[in-house]
**Student:** 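The structure is given below, and queries will be raised subsequently.
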Number of protein chains: 2
Amino acid sequence: MRDEPAGSKMELRLWLRLLSCSNLISAEIRRRLRADFDVTLPRFDVMAQLHREPNGLRLGDLSRRMMVTNGNITGLIDRLVEEGLVVREADPDDRRAITVRLTRAGATMFRMMATAHEAWIHELFGGLRPKAVERLLDDLQGLKLSAVAGLRSADAD
Amino acid sequence: MRDEPAGSKMELRLWLRLLSCSNLISAEIRRRLRADFDVTLPRFDVMAQLHREPNGLRLGDLSRRMMVTNGNITGLIDRLVEEGLVVREADPDDRRAITVRLTRAGATMFRMMATAHEAWIHELFGGLRPKAVERLLDDLQGLKLSAVAGLRSADAD
DNA sequence: TGCAGATATTTTATGCTTGAACGATAATGG
DNA sequence: CCATTATCGTTCAAGCATAAAATATCTGCA
């Protein structure tokens, strides 16, 4: 007897449910960001990272933090620069490197968006009891650990 | 004074954690689908839907089930047809409509992928105790209900 | 009948994302 | 010192995704 079959099916259901929650919510956040601020989620994410680093971030660090490829960041920053929300600055110590930073307009805009964003999340998550929020935080942490372990075991193959 | 702040911050943390779990896992699934079967996740999803409908599905039904736009489906099906995994069939009753269905090769290929997929999920989720899986299924269902309610309340605005 | 509106799909423009290839610069080791 | 190697950012081609406009067909009703 193995415990896989039944367990596997439940895990599959869990994965589908997780994905549908995540997609449902992120689609709604994207919709509202677009409707209220004419901004996309990836742009919002970039601005969120930059907002916590007043001295700016190198492009490589930004792409690592956002877990996306370098080539992706280039285009994202291009558009944010066009809109005057972000500036590129040469690094005096390393001529390969470029640092990006929010402009004053970018920082102001981000603060407005962040306030709205937090309220939206509360609208969407507010139906959960605090206990359930705690449990989910815990269990999702467990899932993350499990997944990271699963990643590594496949690496070793 | 409002009662939001504390709760809102936890909800925000939960949202970020949910998103990072979902992204982590789906990136890994994409990577493996590509490495082992040279297939993308959206293509796999289309094939999964078609596999449960031996008589095929109309494009509109397919886009509704996958919760993506019509225009998206067009290109996805184009590529699957090129690869010989799917066929388009005219509907004799309605000349606007097109039904798509897995070819025999498509069905065979999907069954192989589905087997591997289930094993991958078990690798990634297997670190969770069955109790935790149950709890997550429950709590995520609660989250979904909360989010759907939040969607509707915004509609009414 | 004939036509207004609904429905089914495709097309188009735009943006995000990836992986791979590339050019420029920096760091290292003989 | 110079050649090799590594790092930083960009470019490119391909694919996914959306919203909006276009096309074709169907349906209901006056």
Side-chain angles (χ1 to χ4, degrees), chain A residues 19 22-24 26-35 37-47 49 56-83 85-100, chain B residues 19 22-24 26-35 37-47 49 56-83 85-100:
Chain A
L19 203 50
S22 162
N23 288 343
L24 179 69
S26 90
E28 180 66 9
I29 297 294
R30 284 169 201 269
R31 201 182 63 68
R32 296 189 188 192
L33 278 175
R34 178 178 170 167
F37 298 103
D38 195 29
V39 142
T40 63
L41 185 53
R43 264 121 120 156
F44 176 74
D45 289 342
V46 168
M47 294 176 75
Q49 290 299 329
L57 265 180
R58 303 228 307 213
L59 292 177
D61 292 333
L62 190 53
S63 75
R64 266 184 293 281
R65 290 201 194 186
M66 297 185 57
M67 306 213 292
V68 299
T69 56
N70 271 345
N72 191 355
I73 294 293
T74 297
L76 239 25
I77 294 295
D78 283 350
R79 287 173 215 113
L80 287 168
V81 168
E82 269 176 35
E83 296 171 38
L85 301 171
V86 160
V87 284
R88 275 191 173 93
E89 286 168 351
D91 183 323
D93 299 333
D94 185 339
R95 287 194 294 173
R96 292 169 305 178
I98 289 181
T99 294
V100 287
Chain B
L19 203 51
S22 163
N23 288 342
L24 179 70
S26 89
E28 180 66 8
I29 297 295
R30 284 169 202 270
R31 200 181 64 68
R32 296 190 189 193
L33 278 175
R34 179 177 170 166
F37 298 104
D38 196 28
V39 143
T40 63
L41 185 53
R43 262 122 120 157
F44 176 74
D45 288 342
V46 167
M47 293 175 77
Q49 290 298 330
L57 265 180
R58 304 228 307 212
L59 292 177
D61 292 333
L62 189 53
S63 74
R64 265 184 294 281
R65 291 201 194 185
M66 296 186 58
M67 306 212 291
V68 299
T69 56
N70 271 343
N72 192 357
I73 294 293
T74 299
L76 237 25
I77 295 296
D78 283 350
R79 287 171 216 115
L80 287 168
V81 168
E82 267 177 37
E83 295 171 38
L85 302 172
V86 159
V87 284
R88 276 192 171 92
E89 286 168 350
D91 184 322
D93 299 333
D94 185 341
R95 287 192 296 172
R96 293 168 304 179
I98 289 180
T99 294
V100 288

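So that the names make sense, note that chain A is the first sequence line, chain B the second, and so on, each numbered from 1. This structure is a prediction, so every number in the text was calculated from the model and none was measured. What you see below is based on every heavy atom in this structure, not just the backbone, and it leaves out hydrogens, waters and symmetry mates.
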**Student:** May I have the distance from A:Glu82 (atom CD) to C:dG15 (atom C1'), rounded to whole angstrom?
**Tutor:** 12 Å
**Student:** To the nearest angstrom, how far is B:Asp38 atom CG from D:dA14 atom P?
**Tutor:** 14 Å
**Student:** Using the test salt bridge (charged side-chain N to carboxylate O under 4.0 Å, His left out), find all partners of A:Asp78 that sit at least two apart in sequence or belong to another chain.
**Tutor:** A:Arg88
**Student:** Knowing that exactly one of A:Asn70, A:Leu76, A:Ile77 qualifies, which makes a side chain to side chain contact (heavy atoms under 4.5 Å, CB included) with A:Leu59?
**Tutor:** A:Ile77
**Student:** Could you state the atom-to-atom distance from CG of A:Asp91 to P of D:dG9 in whole Å?
**Tutor:** 9 Å
**Student:** Not counting sequence neighbours, which residues clear side-chain contact (heavy atoms from CB on, under 4.5 Å) with A:Thr69? List them please.
**Tutor:** A:Asn72
**Student:** According to side-chain hydrogen bond (donor to acceptor under 3.5 Å, both in side chains), does anything in residues 37-47 of chain B pair up with another residue at least two apart or in another chain? List the pairs.
**Tutor:** B:Arg43-B:Glu83
**Student:** Could you tell me how far apart B:Ile77 (CD1) and D:dG15 (C1') are, to the nearest whole angstrom?
**Tutor:** 15 Å
**Student:** Rounded to whole angstroms, how far apart are CG on B:Leu33 and P on C:dT17?
**Tutor:** 20 Å
**Student:** Whole Å only: how far is the CG atom of B:Asn23 from the C1' atom of C:dT17?
**Tutor:** 12 Å
**Student:** Report which part of the nucleic acid B:Arg43 touches: base, sugar-phosphate, or nothing (heavy-atom distance under 4.0 Å, all strands).
**Tutor:** sugar-phosphate
**Student:** Sugar-phosphate means primed atoms, P, OP1 and OP2; the rest is base. With that split, encode nucleotides 17-27 of chain D 5' to 3' as B, S or - using protein heavy atoms under 4.0 Å.
**Tutor:** SBS----BBS-
**Student:** Mind checking what makes side chain to side chain donor-acceptor pair (under 3.5 Å) contact with B:Asn23, not counting sequence neighbours?
**Tutor:** none
**Student:** Please identify each residue that fulfils salt bridge (charged side-chain N to carboxylate O under 4.0 Å, His left out) with A:Arg34, with sequence neighbours left out.
**Tutor:** none
**Student:** Which residue pairs pass the salt bridge (charged side-chain N to carboxylate O under 4.0 Å, His left out) test with at least one member in residues 64-74 of chain B, sequence neighbours excluded?
**Tutor:** B:Glu53-B:Arg65, B:Asp61-B:Arg64
**Student:** Between D:dG15 atom C1' and B:Leu80 atom CG, what is the distance in whole Å?
**Tutor:** 12 Å
**Student:** Which atoms of nucleotides 1-5 of chain D (N or O only) lie under 3.5 Å from a protein N or O atom, and what are those distances?
**Tutor:**
none

**Student:** Considering residues at least two apart in sequence or located in another chain, which fulfil the side-chain contact (heavy atoms from CB on, under 4.5 Å) criterion with A:Arg95?
**Tutor:** none
**Student:** Grab the CD-C1' distance between B:Glu89 and C:dA8 for me, whole Å please.
**Tutor:** 17 Å
